[in-house]
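Read the structure below first, then the notes.
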Amino acid sequence: MTSPDGSMVHGPKAMLAKLPSVDRLINLPASQALVTAHGAALVTEQARVLLAEVRQDLLNGSMPAITLDEAGLTQVLQARCMQRLAPRMQRVINLTGTVIHTNLGRAVLPQAAIDHITAMMAGPNNLEYDLASGSRGDRDSIVEGLLCEITGAEAATVVNNNAAAVLLTIAALAREREVVVSRGELVEIGGAFRMPDVMASAGARMVEVGTTNRTHLADYERAITPATAMLMKVHTSNYAVQGFTSAVSEAELAPLARAKGVLLATDLGSGSLVDMSKYGLPKEPTPQEMLAAGCDVVTFSGDKLLGGPQAGLIVGSKAAVTRIRKFPMKRALRLSKLPLAALEATLTLYLQPDRLTEQLPTLRWLTRSRETVAATAQTLLAPFQLALASRYTVQVVELSSQIGSGSLPLDRLPSAGLAIAPVLSGKRGLGTALETLSTALRELPVPIIGRVEDDRLLLDCRCLDDVAQVLDQLANLKAALA
Ligand SMILES: *Cc1c(COP(=O)(O)O)cnc(C)c1O
């Protein structure tokens, strides 16, 4: 159809003339419902942006991919408002097989911690207020007693994360002096946390001793000078030196440190507050063992094996912890009330050690038997087979889970899950088919994250508590793959 001036009636130019103004679009009943729900500012801004985009498309002579009548425009407007308000942080379902997954938020908080956060954040609290005396209090006192009781330390303080704990410890105790550390322990933790750089940032001079594979007590002894402030041990949490190796334990170093009048600190990284071997898991050194061995300071994370919020825990002698607490940098690294509430509730669970494997999600998942995990996988098998129909084969298989977060890097937990393989006549299209499936799983309302290994997509069921949450999404998965 052509108009008298020869332009297309339904072409971009004609559509341009018919486009409503921002005001008109906003005043449509469907838009007014959005205004009632979200306020005029958000809806007007989204309407303005939407119309500007449509106008630009039409001016460029192209038709936008949406229906340009009132119903079409208000529908897109609603979607845009929702999208604008949707949080970037989303819950996901961790079927990667890595229990403490750094990219997926590390430890999942126990319910007690979630409840305590909710109660404490909803109003004012006694964060730094001593209710007994009615005067100013110290936020550390909320968890110091618990930490001392659990680890046997004289004193304790907490900061933002373990990286901060290590930085602060070195800065407070060894600034402008020397710290002796083994070459076998100059670790890099993901995200540019490298021991030599941390030492430099803290203003300490690092003195390396020994070799990559072997360090002896005499190496430390020779390195101690009047400028030495501290001997430092670092738990090699994310790698293992194997073969012809030798390291000096904290228990061996403590007498030397004491005789020479220098401090001994150890960074445990994960550090577990209970002996993991009691649950049949690989042994990790505990802060209590390190203190008993004679360390002045022990640092570890709150959100690795401890199973709590992100935090850096520092336990040790009264003298050392007092210097750390009073060091000005502490103020910049202090723990906020939100993780502090979570940490208090998590540590309280350790006062009931018999119930830990029920109460701490991390420990519950780590201690789950292969049989239990396989039973969960079995309940998923038929529904997945049905949803993936003729395009993929699904099997229950034995798998190996990892603890994760740099803890016990070589140890594997016997696990189980689904192995999904594309139905193809050869290897052609294999990568694409696996990618299509993992993308579809990631794009579900509650994304499911698995791993691709040996030409299959693996869904390790170790950390899966809510089977229904997966089953309820299989219709979406089927639709996405159709
Ligand atoms: C994980 C780790 C850190 C860093 O701890 P964050 O809590 O992530 O800051 C430091 N040292 C070691 C040995 C670690 O394993």
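Order of appearance sets the numbers: ligands from 1, and atoms from 1 within every ligand.
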Between [X] and [Y] (salt bridge meaning N to carboxylate O under 4.0 Å), is one present in this structure?
{"X": "Asp130", "Y": "Arg136", "answer": "no"}
{"X": "Lys233", "Y": "Glu252", "answer": "no"}
{"X": "Asp140", "Y": "Lys330", "answer": "yes"}

**Q.** Which segment of Gln310 sits under 4.0 Å of ligand 1 when only heavy atoms are counted
**A.** neither

Q. Any side-chain heavy-atom pair from Ser141 and Glu128 closer than 4.5 angstrom?
A. no

Which residue from [options] reaches closest to [atom] through any of its heavy atoms?
{"atom": "atom 2 (C) of ligand 1", "options": "Lys304, Met195, Glu188", "result": "Lys304"}
{"atom": "atom 8 (O) of ligand 1", "options": "Glu185, Arg106, Lys233", "result": "Arg106"}
{"atom": "atom 5 (O) of ligand 1", "options": "Leu167, Val234, Asn162", "result": "Asn162"}

Q: Grab the two heavy atoms, one from His101 and one from Asn94, that are nearest each other, plus how far apart they are.
A: CB-ND2, 4.1 Å

Q: Run the numbers for me: atoms of ligand 1, each under 4.0 Å from some heavy atom of Ser301, listed by number.
A: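 By the 4.0 Å cutoff, the relevant atoms are 5 (O), 6 (P), 7 (O).
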
Q. For ligand 1, which atoms have a heavy atom of His235 less than 4.0 angstrom away?
A. 13 (C)

With respect to [X], determine whether any N or O atom, backbone or side chain, lies less than 3.5 Å from an N or O atom of ligand 1.
{"X": "Asp267", "value": "yes"}
{"X": "Ala163", "value": "yes"}
{"X": "Ser270", "value": "no"}

Q: Please check if atom CD in Gln111 has more than 12 non-hydrogen atoms from other residues, nucleotides or ligands closer than 6.0 Å.
A: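 More than 12 within 6.0 Å, yes.
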
Q) Would you say Gln83 has more than 12 foreign heavy atoms packed within less than 6.0 Å of its CD? A)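 Open: at most 12 neighbouring heavy atoms sit under 6.0 Å from CD of Gln83.
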
